[in-house]
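Here is the structure we will look at, set down as structure tokens.
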Amino acid sequence: MKMDMKLSNLNDLNQTKRHNLLHIETTTRCILACPACPRTTWQNMLKRPAAKADLDVDLLEQFLDCEGGKQITKFLLCGDYGDSIYYPDLLKLIRRFRNQVSFHIITNGSRQTEKFWHNLSALLTKDDRVVFSIDGLEDTNHLYRVNSDWHSIMQGVDIIAQSAAQMHWKTIVFNFNYNKLDKIKTFAESKGATFHAEKTHRYGNDSLVPPESYVETNHLYQEEFNDQPFEIEPRCEKNAKIISADGFLHPCDWIRNPQTFYKSQLWKQKERWLEKTKMKDNTYDQALVAIRDWENYVRQNSLIGSDNVDVLCKMLCRKGCVENNKITVGFENNDR
């Protein structure tokens, strides 16, 4: 039977919950080489690996020791450059904040030890969720998740399935799996996971692009984004902020794409914004003031048609752009 698929708006999540959610990239470490990953893009652009960075747990605790920080109730551990299961202090982080927040961990699940998964499992509660990003079955997952190892992924899945935490399986749609989503869903559910398939526009390799109806189109790059003004409706304040592994609070994880970040005003005027979001020198409350300043800057420059509005802001937050990239089945409360 064909799987009943429907589109889900990413903004369905209650905005109050967004304010209480902090997106954290704990590390830039990862053993995979996914073609569209920022770390792969960085390697291809600069011919050298992305710098290694691990979040300082003590510094994070100090950063969040303020009114806004104490209102955070959930950590979303999901990296742009790295994966939290390779973060040396993951268990320490969970123990440190265990009584304050729940944890939503998104991971490729590959090449960790059985001992690691048991230790992680023992710390998780019913309020936590582990999302395995797996884009196929044993014969295809590695086609995008380059260097992944199926046996170790399944070991992690089986152990987390026995934990108190919720478990979810996320599949990005590619040319090698778009006609196999039913089969992947059935297998994921046999492991005890809920499931959703997700459209994207980022492939890193043209051979991976599925049929057009499976491609997310709202955020496709367009040449006119470079030289034409667009009215922007920035969502920096509404959406979850991200702390990078090197210790800065960013308005969103999109802005950190290496192809555009170093051309952005956020970087070019870093003394005005980024330096004021550095964990080492500020609190979360102080950093939020800088993020609000950035959001106002984007909105004002958009209204006067300034070219200073960044390409990624036009892609993500231009007026009328609606996020609808998720094909979901029984999993409506998505955080990302």
Side-chain angles (χ1 to χ4, degrees), residues 21-64 75-94 96-97 103-113 116 120 130-133 135 144-149 152-153 156 170 172 200 202 204 240-264 266-267 270 273-275 277-282 284 287 312 335-336:
L21 171 68
L22 184 61
H23 182 171
I24 301 176
E25 179 179 54
T26 56
T27 184
T28 59
R29 301 173 189 243
C30 188
I31 52 84
L32 268 58
C34 305
C37 176
R39 66 181 295 108
T40 305
T41 302
W42 180 284
Q43 176 81 40
N44 292 339
M45 286 172 55
L46 301 180
K47 308 305 178 186
R48 66 173 187 268
K52 185 181 293 184
D54 296 310
L55 189 76
D56 186 317
V57 176
D58 296 331
L59 202 58
L60 176 64
E61 185 175 41
Q62 174 183 309
F63 180 66
L64 295 179
F75 284 175
L76 169 62
L77 306 186
C78 179
D80 290 302
Y81 289 85
D83 189 308
S84 286
I85 67 170
Y86 311 119
Y87 173 46
D89 288 333
L90 176 60
L91 303 183
K92 175 182 177 181
L93 173 70
I94 294 175
R96 182 73 60 88
F97 290 92
F103 293 87
H104 185 134
I105 302 170
I106 300 179
T107 178
N108 71 75
S110 193
R111 299 186 189 276
Q112 260 297 2
T113 65
F116 166 84
L120 174 61
V130 179
V131 178
F132 286 92
S133 297
D135 300 323
Y144 178 74
R145 304 282 170 176
V146 178
N147 295 334
S148 62
D149 174 71
S152 60
I153 297 171
K170 179 184 78 171
I172 299 176
T200 187
R202 298 169 57 244
K241 314 300 181 294
I242 179 171
I243 292 179
S244 56
D246 56 353
F248 291 86
L249 185 72
H250 293 262
C252 70
D253 60 337
W254 272 69
I255 201 73
R256 299 181 60 234
N257 189 302
Q259 291 178 299
T260 51
F261 178 66
Y262 298 101
K263 302 175 184 177
S264 73
L266 191 67
W267 173 257
K270 54 183 176 292
W273 291 298
L274 283 182
E275 289 301 317
T277 73
K278 185 186 297 185
M279 287 201 308
K280 181 180 178 182
D281 302 322
N282 302 278
Y284 181 67
L312 282 177
D335 285 341
R336 189 168 187 258

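Source: prediction; values computed, not measured.
Note: Cys30 SG to Asn108 CG = 5.0 Å, rounded to the nearest 0.5 Å. Once rounded to the nearest 0.5 Å, the distance linking OH of Tyr87 with NZ of Lys92 reads 7.5 Å. For the atom pair CD1 of Ile242 and CH2 of Trp254, the computed distance is 13.5 Å after rounding to the nearest 0.5 Å. Between the NZ atom of Lys270 and the OH atom of Tyr262 there is a distance of 10.0 Å, given to the nearest 0.5 Å. If you take CG on Asp281 and CG on Leu59, they are separated by 9.0 Å, rounding to the nearest 0.5 Å. Note that CG of Leu91 and CZ of Phe116 are 6.0 Å apart. Values are rounded to the nearest 0.5 Å.
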Take Glu25 and Tyr81 through the side chain to side chain contact (heavy atoms under 4.5 Å, CB included) test and state the conclusion after the steps. CA-CA 8 Å; Glu25 179 179 54; Tyr81 289 85; 3.5 Å; yes
Passes side chain to side chain contact (heavy atoms under 4.5 Å, CB included), Leu55 versus Asp89? Steps please. CA-CA 8 Å; Leu55 189 76; Asp89 288 333; over 6 Å; no
Please evaluate residues His250 and Phe261 with respect to the criterion side chain to side chain contact (heavy atoms under 4.5 Å, CB included), reporting the C-alpha separation (whole Å), side-chain torsions for both, the decisive distance (0.1 Å), and the verdict. CA-CA 11 Å; His250 293 262; Phe261 178 66; 4.0 Å; yes
Check against side chain to side chain contact (heavy atoms under 4.5 Å, CB included), Lys241 and Cys252: CA-CA 5 Å; Lys241 314 300 181 294; Cys252 70; over 6 Å; no
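For NZ of Lys52, the number of neighbouring non-hydrogen atoms (other residues, nucleotides, ligands) closer than 6.0 Å is 12 at most.
Using modelled atom types, one side-chain atom of Thr41 and one backbone atom of Cys37 make a donor-acceptor pair closer than 3.5 Å. Side chain of Arg29 to backbone of Ala53: no donor-acceptor contact under 3.5 angstrom is found.
Asp83 pairs by the salt bridge (Lys or Arg N to Asp or Glu O under 4.0 Å) definition with nothing, not counting sequence neighbours. Arg202 pairs by the side-chain hydrogen bond (donor to acceptor under 3.5 Å, both in side chains) definition with nothing, not counting sequence neighbours.
No side-chain heavy atom of Phe63 sits under 4.5 Å from any side-chain heavy atom of Thr277. Residues Pro38 and Arg256 are not in side-chain contact: their nearest non-hydrogen atoms beyond the backbone lie 4.5 Å or more apart. Counting heavy atoms from C-beta outward, Tyr284 and Met279 have side chains that stay 4.5 Å or more apart. In this structure the side chain of Cys34 never reaches within 4.5 angstrom of the side chain of Arg39, judged on heavy atoms. Residues Phe75 and Ile94 fail the side-chain proximity criterion, which asks for heavy atoms closer than 4.5 Å. Between Leu60 and Leu64, some side-chain heavy-atom pair lies under the 4.5 Å cut-off. When side chains are defined from C-beta on, Val130 counts as touching Thr107, because their heavy atoms get closer than 4.5 Å.
In terms of heavy-atom proximity, Asp135 sits nearest to Arg145 at OD2-NE, 2.7 Å. In terms of heavy atoms, Leu249 sits closest to Ala287 at CD2-CB, 3.7 Å. Between Pro35 and Val146, the shortest heavy-atom distance links the atoms CD-CG2, 4.3 Å.
Ser110 and Asp149 share no side-chain donor-acceptor pair at under 3.5 Å. Judged by distance alone, the side chains of Asp54 and Tyr86 never bring a donor and an acceptor atom under 3.5 Å apart.
With Leu77 as the partner, the side chain to side chain contact (heavy atoms under 4.5 Å, CB included) test is satisfied by one option alone out of Leu22, Thr27, Ile106, Leu93: Leu93.
Ion pairing of Asp58 with Arg96 is present here, as a side-chain N (NZ or NE/NH1/NH2) and a carboxylate O approach within less than 4.0 Å.
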